[in-house]
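Below is one structure, written out as C-alpha cells, with a few remarks after it.
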Amino acid sequence: MRRGRSVVYSLHAHVVFTPRYRRGVFTGELLSRCEEIMIEVCDSFGAEPAGFNGGHGHVHLLVHYPPKVALSTLVNSLKGVSARLLRKEYPAHISRYLWGGHFWSPSYFAASCGGAPLSVIKEYIETRNARTSRPGGKRGREAIPPGRERPGFLAKWC
C-alpha cells in the first residue's frame, strides 16, 4: 500500500512488450540494458518496477504505479525511450533484426494485478520463457539457454 496526500493505493500492472514483427532481437546484454532503461523511466514517473524478465522476442515488466499516472502514458514512455536508446547504443545488432526505424510492436499486453498475490505474478515473470504454444502447434525458441538464466532484477527488489 502506498499513500499520497489524499489517496491510499496499490496499483500493479503486468506489462508485456514485443519487438516489431516479433523478431528475436534480445540478447542477455540487450535485456540487461533494457531493464536499466525501464528502471530509469519508471523512476521519472514515480513508478516502481517490481519485476523484469524477457526472452528473445518479448519483455515482461511488473510495475507499481501511482494513480496520477495513466498506464498508457507510462507504457508509451517506456517503449519510446527504450527504443531510442537501444537503437542508438546497439545499431549494428538491431539493424540485423529490425528495419524502418521501428523497435517495438505498436501493441502491448497489460493486466491489472490487483486480485492476484504479487508473489504469484513475480514467480510467473521469473519463470516465464518463450516456450509458449503458437498457432499450428509450433513451439517458440527458449528465452535464455538452460544454465544461463539471468537472475533478473527481482533479486534486487525482493
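Source: prediction; values computed, not measured.
- For Glu36, the salt bridge (Lys or Arg N to Asp or Glu O under 4.0 Å) partners two or more places apart in sequence, or in a different chain, are Arg33.
- Residues meeting the ring pair (Phe, Tyr, Trp, His ring centres under 6.0 Å) test with His93, sequence neighbours left out: Tyr97.
- Two residues are said to be in side-chain contact when any heavy atoms from C-beta on lie closer than 4.5 Å; Arg87 and Leu98 meet this criterion.
- Note that OG of Ser32 and CZ of Phe26 are 11.5 Å apart. Values are rounded to the nearest 0.5 Å.
- Under a hydrophobic clustering in which Ile, Leu, Val, Met, Phe, Trp and Tyr are joined whenever their side-chain heavy atoms come within less than 4.5 Å, directly or via other members, Val16 and Val41 fall into different clusters.
- Rounded to the nearest 0.5 angstrom, Thr18 OG1 and Phe109 CZ are separated by 12.5 Å.
- Shortest non-hydrogen contact noted between Gly54 and Leu31 is O-CD1, 3.7 Å.
- Annotation: side chain of Leu62 is not in contact with side chain of Pro49 (no heavy-atom distance under 4.5 Å).
- With hydrophobic clusters built from ILVMFWY side chains whose heavy atoms lie under 4.5 angstrom apart, Phe45 shares a cluster with Leu85.
- Minimum interatomic distance between Glu89 and Pro91 (heavy atoms only, all atoms of both residues): C-CD, 3.4 Å.
- Rounding to the nearest 0.5 angstrom, the gap separating the NE2 atom in His64 from the CD atom in Glu48 is 6.5 Å.
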Review item, side-chain donor-acceptor pairs of residues 70-83, under 3.5 Å, at least two apart:
from	atom 1	to	atom 2	distance (Å)
Asn76	ND2	Ser72	O	3.2
Ser77	OG	Thr73	O	3.4
Lys79	NZ	Ser105	O	2.7
Lys79	NZ	Pro106	O	3.4
Lys79	NZ	Ser107	O	3.4
Ser82	OG	Leu78	O	2.6
Ser82	OG	Lys79	O	3.3
Ser82	OG	Trp104	NE1	2.9

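- Nearest heavy-atom pair across Pro19 and Gly57 is CD-O, 3.1 Å.
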- Under the side chain to side chain contact (heavy atoms under 4.5 Å, CB included) rule, what do Cys34 and Phe52 come out as? Steps first, then yes or no, please. CA-CA 10 Å; Cys34 187; Phe52 179 92; 4.3 Å; yes
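- For Pro66, the side chain to side chain contact (heavy atoms under 4.5 Å, CB included) test picks out Tyr9, Ala47, Lys68, Val69, with sequence neighbours left out.
- Side-chain atoms of Phe17 and His58, non-hydrogen and from C-beta on, never get closer than 4.5 Å to each other.
- Atom CG of residue Asn53 and atom NE2 of residue His60 lie 7.0 Å apart, to the nearest 0.5 angstrom.
- To the nearest 0.5 Å, atoms CD1 (Ile94) and CZ (Phe103) are separated by 4.5 Å.
- The hydrophobic clustering, which links ILVMFWY residues whose side-chain heavy atoms are closer than 4.5 Å, places Leu61 and Leu30 together.
- For an aromatic pair to be called close, the ring centres must be under 6.0 Å apart, and His14 with His12 fails this.
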